[in-house]
Amino acid sequence: MGLPSLNLTLESVLDNMPSAVLVSNVDGDIVYANEMAVKFLGYSLSELSKMTIHDLVPDRIRPRHSFLQQSYLEAPFQRSLHAGPGNIQVKTRSGELIAVDIALNHMNTENGETRIVSVIQDASVRTSIEHETRQFYKGLSGSQQSQNDLRSLGQDLVWRCDLKGSFTYVNHRWQELLGYEPSSMLGEPLDSFLKPCERTRAGGEFNHLLREGSQITGFKTVFFDKKNEEVHLLFNAKLIKNNDDVLTGIQGTATDITQLQLAEKERQAIEERLLNIQKHEALGRLVGGIAHDFNNLLHVILGNASLIVDEALVEDKDMGLVDQIMKAADKGTSLVKQLLTFGKPTGSNRLGLDTANAIRQDVNLLEQMCGNNCQLKLALVEDLPLANANAGQFSQVLFNLVLNARDAMNAKGEIQIECYEVRHASSNKKSYGGFRHGAIVLRVIDSGVGMDNKTKQLIFDPFFTTKGPDKGTGLGLSTVFSIVRQSGGEIQVDSEPGKGTTFTLLFPLFQHIDALPFNQVDQFEHLEGSETILLMVAEKSERSYLKRSLSLQGYHILLAENLDHALELSVNKDLVIDLLIIDVKSEKAGGIFLEKTISRDHPNLKTIFVADSDCKIIESDFQGESLAEFLVKPFTLITLLKLTRATLTAQIPR
């Protein structure tokens, strides 16, 4: 069995890292390894999934490795590469011990489980440079070192300077690396080849060498080559004296570490991105928790306000106040919807979406996000077929595209959102399965700065952004691309510099015609009924509101406070239970068990699951086979009554 997959965006980042990455739990079990780890260690993913971190430790230190790991868990800290001792080794599948540099970090999953992330790099390149440097100085003997000996140092850049800092000798490697003829460098000051911002620092280092008579080891600086491109060099130097012990100059070597520096810079960037992802996940959990509680409050407010209106419990002169309450609650509902989408981007797992209606529901928040100087125009075709998409992800796509459009126009201009149906939309039937039954098209058009072809090729890559630091994560369009692909759709982008950008998204039509779509319940005009409904809701205020609402329409209501109570009521042979309404939050997977248990004695049982924001645990079990509907809080009284009538009327075979 292979290793479990991580989040798609994060996994693609890790698999493209130039370093090996292992993720382990508190017991040391390996729960994730990227592609470089497989190549570096020699084990397959299947083999690594059955191993622990301890299996990769040399035999001689394995007895105390568990103690070291436990000590780290008791006081975790972030350790960067090269920060640990230089003799760390790992054992590969072949039994070879390889010296490595290891960076450690700890994080918590959504379930609160601790994970240790180990980033591993082969230390041979770094140790090789250090060894060559030591050997060079060991072999130097002041003025007795000849030019021929210097030439024999091979791949190093060898140099000499007079006391003024001008080159008196350079070997052939300077021409190979920088492109300058050695003769053209002689007599030129060393700092004339340095990056300007490096000159003061390098001058201080060499002045210190002249004053103290010591040596320079491992000094990093940046040169410009003949093409004016940066070359990172590691300098080593010592003083030259003649036979009379008189100081005559400075000599040394330099090693090209450009690729190492670029790899280190990339590693640091990826570490920062991983930390940003952790921050976003933590913020999402916080926002989701707050929005969930607020959602329940809005549900009770909307429900009771609906009852007041329906039963005319206040005088006409006070109905305006009730209307204001309901309007405020409706605005709060839209806000909560967006917060829940941010906190748990996958949203509801329910498919079959009225896209034009979904756009209209989001338009107020979209206009607020765009600002006063950015005009939002809608061109929506009415009565469209349902799209193969879910509401939460569709909103996330819409907000990301409009946000990008707004930024491309600097919040000034016009954004047009179009939504319509096409038949046989794709001429390439192999592309994501094609659109044999047609598709719903969503287009977002802006009048912004546009993009060149090079940028268009990169916009869907994770973490790519044209925005400045702290203005974008680079995850927006990659998330859009992922959602559209998961829905079986396509995404296209048309743009030219100075001519704006058009994103065209195609969602296949929803083909599961047996189920009763949530947004088609409006066809029911008569909401009364006499059926028996078993109601299991945890919150007392919600339970009271739902019972009263349904009782007023003639339904016989059985109240259950928990799973055991519901089962006790269901075994009454004198009762025929027609509908089960379950609060998913109150019993979670127990609600599925209850539905299946009661249906044995009540074969015509229908079910409505009341959920806060995510019906995934329900729909993944039923796969469309059950007579189940899903009602997401907060909802109004009329929505409850229409869905109740629609569910009871539906004739769908089990």
Side-chain angles (χ1 to χ4, degrees), residues 9 334 337-338 341-342 345 353 355-382 384 387 389 391-422 425-426 439-485 487 489-507:
T9 302
S334 298
K337 179 181 176 182
Q338 299 309 318
T341 298
F342 176 79
L353 181 68
T355 48
N357 185 54
I359 294 170
R360 277 190 290 270
Q361 289 180 0
D362 287 335
V363 70
N364 288 336
L365 284 175
L366 290 170
E367 288 175 343
Q368 292 177 27
M369 183 179 71
C370 289
N372 296 329
N373 298 322
C374 183
Q375 188 176 8
L376 195 64
K377 288 191 174 181
L378 302 183
L380 311 178
V381 175
E382 299 299 327
L384 291 174
Q393 289 184 338
F394 187 82
S395 289
Q396 191 176 8
V397 166
L398 190 60
F399 270 76
N400 276 325
L401 291 178
V402 172
L403 178 63
N404 268 19
R406 182 202 69 180
D407 291 344
M409 302 186 304
N410 198 23
K412 295 179 181 179
E414 179 180 295
I415 301 173
Q416 180 158 320
I417 300 175
E418 300 176 356
C419 190
Y420 53 89
E421 178 190 7
V422 293
S426 176
I440 298 298
V441 179
L442 169 68
R443 300 181 80 213
V444 177
I445 307 166
D446 69 60
S447 55
V449 295
M451 296 178 284
D452 56 25
N453 288 330
K454 183 178 180 181
T455 304
K456 283 193 292 185
Q457 296 296 321
L458 298 172
I459 57 173
F460 297 120
D461 291 351
F463 304 116
F464 175 79
T465 179
T466 58
K467 303 173 185 177
D470 302 324
K471 291 186 178 180
T473 63
L475 293 174
L477 288 179
S478 65
T479 301
V480 169
F481 182 83
S482 177
I483 289 173
V484 174
R485 288 291 300 270
S487 299
E490 292 183 0
I491 183 168
Q492 303 163 3
V493 56
D494 297 303
S495 184
E496 292 183 27
K499 296 185 178 181
T501 300
T502 299
F503 282 93
T504 303
L505 284 64
L506 298 100
F507 294 91

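Source: prediction; values computed, not measured.
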- Got a sec, which pairs hit salt bridge (Lys or Arg N to Asp or Glu O under 4.0 Å) with one end in residues 441-452, sequence neighbours left out? E418-R443
- In this structure, which one of L398, L506, L380, I491 forms a side-chain contact (heavy atoms from CB on, under 4.5 Å) with L442?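 Considering L398, L506, L380, I491, a side-chain contact (heavy atoms from CB on, under 4.5 Å) with L442 is found only for L398.
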- Pick from N404, V444, V493, I445: which one makes a side-chain contact (heavy atoms from CB on, under 4.5 Å) with T501?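 Running side-chain contact (heavy atoms from CB on, under 4.5 Å) over N404, V444, V493, I445 with T501 returns exactly one hit, V493.
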With rounding to the nearest 0.5 angstrom, report the [atom1] to [atom2] distance, [X] to [Y].
X: L365; Y: F399; atom1: CG; atom2: CZ; result: 4.5 Å
X: N357; Y: E382; atom1: CG; atom2: CD; result: 9.0 Å
X: L401; Y: I415; atom1: CG; atom2: CD1; result: 10.0 Å
X: Q396; Y: Q393; atom1: CD; atom2: CD; result: 7.0 Å
X: T355; Y: I417; atom1: OG1; atom2: CD1; result: 11.5 Å

Tell me the closest heavy-atom pair linking [X] and [Y], and the distance in Å.
X: P497; Y: M451; value: CD-O, 3.3 Å
X: M409; Y: S447; value: SD-OG, 3.2 Å
X: A356; Y: C419; value: N-SG, 4.2 Å
X: L384; Y: V381; value: CG-O, 3.3 Å

- Message: The test is side-chain contact (heavy atoms from CB on, under 4.5 Å); show your working for L505 and V480 and say whether it passes.
- Response: CA-CA 10 Å; L505 284 64; V480 169; 4.2 Å; yes
- Are the side chain of R406 and the backbone N or O of C374 linked by a donor-acceptor pair below 3.5 Å?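 No, R406 side chain to C374 backbone: no donor-acceptor pair under 3.5 Å.
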- By side chain to side chain contact (heavy atoms under 4.5 Å, CB included), which residues pair with E496, not counting sequence neighbours? K499
